[in-house]
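Whatever order the structure lists ligands and atoms in, that order sets their numbers, starting from 1.
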Amino acid sequence: MAKIISGKEVSAFVKGEAAKEVKTLNEKGISVCLAVILVGDDPASAVYVNNKKKACEVCGIKSLQYILPESTTEQELLTLIEKLNNDMEVNGILCQLPLPEHINEETVINAISPKKDVDCFHPENVGRLHIGNGTFKPCTPAGVMEMIHFAGIQVRGKKCVVVGRSNIVGKPMGALLMAEDGTVTICHSKTQNLEEYTKNADILVVAMRQPRYITGDMVKDSAVVVDVGIHRLDDGTLCGDVDFNSVEKKASYITPVPGGVGPMTIAILMQNTVTAAKMQNGLI
Ligand code: GUN
């Protein structure tokens, strides 16, 4: 039976560390502020944005929320971002994705100042991440790394397989595992014989947006299995990309859904916001 790595526990630890740093900054007269923008009324996005506000409260970070209607034009959004880029009070800016179809995501990501890009989505920060001199961490992959570290798992020399190649998870996940000397394979929707790869993995990170796709027979004995997926089934229950019941019988460690990687993303966002404030105040 696998040991469970609790995202609730690890995220509480990371947020606690961030809160301590905020307190120290406040004592120096420095406040920490995150601006979050939501365009449109996607219910899942609204929940995420609300969770970010709550996490800011826990950490002592001031949060500004800009909830804009679906009809917002790209130019209106870019004007708001420019205002926030120039606002000395604002340390981090996050624009919740996905955006409505009439707004170009790449244009918006590029418009956020790289110094305030707490999502680590701007090409300058993505480039720095791959070179290995980044300041901001990609939130979800860095959250996965925190969980791996918390469980005392070494990445060096391990066969690491990432299923998914998105800009938000798969690609930066590969970069972070490589930075810790993992031997990384990235699989995706066009990979043939996926199970040939997954069966070989010492560390398997799954972000493929397919409910319960990875089953016990696709996993090596004693593998570490991290599930980034989240899906709501017709009966209302939540599940991940991993079939928890069959995989937990084979894995050495597994992350649950819910209560696994999900809470970690926001915890790293808090960490990045603190980093932004320190950077903008010449402390790093
Ligand atoms: N949508 C889903 N995940 C994310 C994220 O990490 N950041 C932003 N900005 N939007 C998202």
Side-chain angles (χ1 to χ4, degrees), residues 7 11 14-15 18 34-56 61 63-68 70 72 74 77-78 80-81 84-85 90-101 103-126 129 134 136-147 162 164-173 175-176 205-209 226-232 238 240-241 257-258 260-273 275-276:
S11 70
V14 171
K15 283 188 283 188
L34 172 66
V36 176
I37 307 168
L38 172 63
V39 187
D41 39 32
D42 177 51
S45 290
V47 171
Y48 294 143
V49 165
N50 200 36
N51 287 344
K52 283 164 190 167
K53 186 178 172 185
K54 283 190 211 151
C56 282
I61 294 173
S63 82
L64 301 175
Q65 298 227 329
Y66 296 85
I67 313 290
L68 309 179
E70 179 90 14
T72 305
E74 185 174 295
L77 179 56
L78 294 174
L80 170 60
I81 289 172
L84 297 171
N85 280 343
V90 172
N91 304 110
I93 305 170
L94 177 146
C95 184
Q96 187 69 28
L97 303 180
L99 286 165
E101 271 184 18
I103 299 178
N104 185 306
E105 256 173 36
E106 194 178 349
T107 307
V108 171
I109 288 170
N110 291 353
I112 294 173
S113 164
K115 294 188 175 59
K116 298 190 177 185
D117 169 37
V118 285
D119 260 326
C120 196
F121 287 171
H122 190 284
E124 181 177 320
N125 290 323
V126 175
L129 164 71
F136 293 126
K137 298 173 179 174
C139 296
T140 301
V144 170
M145 297 308 289
E146 284 286 347
M147 294 179 93
V162 179
R165 56 172 157 180
S166 69
N167 289 333
I168 298 187
V169 183
K171 287 180 203 167
M173 189 74 248
L176 294 185
V205 181
V206 190
M208 64 191 300
R209 302 193 191 119
V226 179
D227 190 350
V228 182
I230 185 149
H231 311 273
R232 192 171 289 280
L238 292 171
D241 292 345
V257 177
V261 175
M264 293 306 302
T265 302
I266 294 184
I268 303 295
L269 176 68
M270 299 298 106
Q271 224 180 42
N272 278 345
T273 305
T275 300

Closest to atom 11 (C) of ligand 1 among protein heavy atoms sits Gln96 NE2, 3.5 Å
I'd like to check Val126 versus Pro172 (side-chain heavy atoms, cut-off strictly below 4.5 Å). Are they in contact? no
Counting C-beta onward and ignoring hydrogens, is there a side-chain heavy-atom pair between Lys116 and Leu84 closer than 4.5 Å? no
Between Asp119 and Ile112, is any pair of side-chain heavy atoms under 4.5 Å apart? no
Kindly say whether Arg209 contributes a backbone atom to a donor-acceptor pair with the side chain of Asp241 at under 3.5 angstrom? yes
Lys137 side, atom NZ; Gln271 side, atom CD - distance, nearest 0.5 Å: 4.0 Å
Tell me whether Phe121 reaches ligand 1 (any heavy atom closer than 4.0 angstrom to a ligand atom). yes
Of all the heavy atoms in Thr140, does at least one lie under 4.0 Å from an atom in ligand 1? no
Leu97 contact mode with ligand 1 (heavy-atom cut-off under 4.0 Å): both
Using a strict 4.0 Å cut-off to heavy atoms of Leu94, name the atoms of ligand 1 that fall inside it. 9 (N)
Determine whether the side chain, the backbone, both or neither of Cys95 has a heavy atom under 4.0 Å from any heavy atom of ligand 1. backbone
Once you round to the nearest 0.5 Å, how far does CG of Leu129 lie from NE2 of His122? 14.5 Å
Nearest protein heavy-atom contact for atom 7 (N) of ligand 1: which residue, which atom, what distance? Asp119 OD1, 3.0 Å
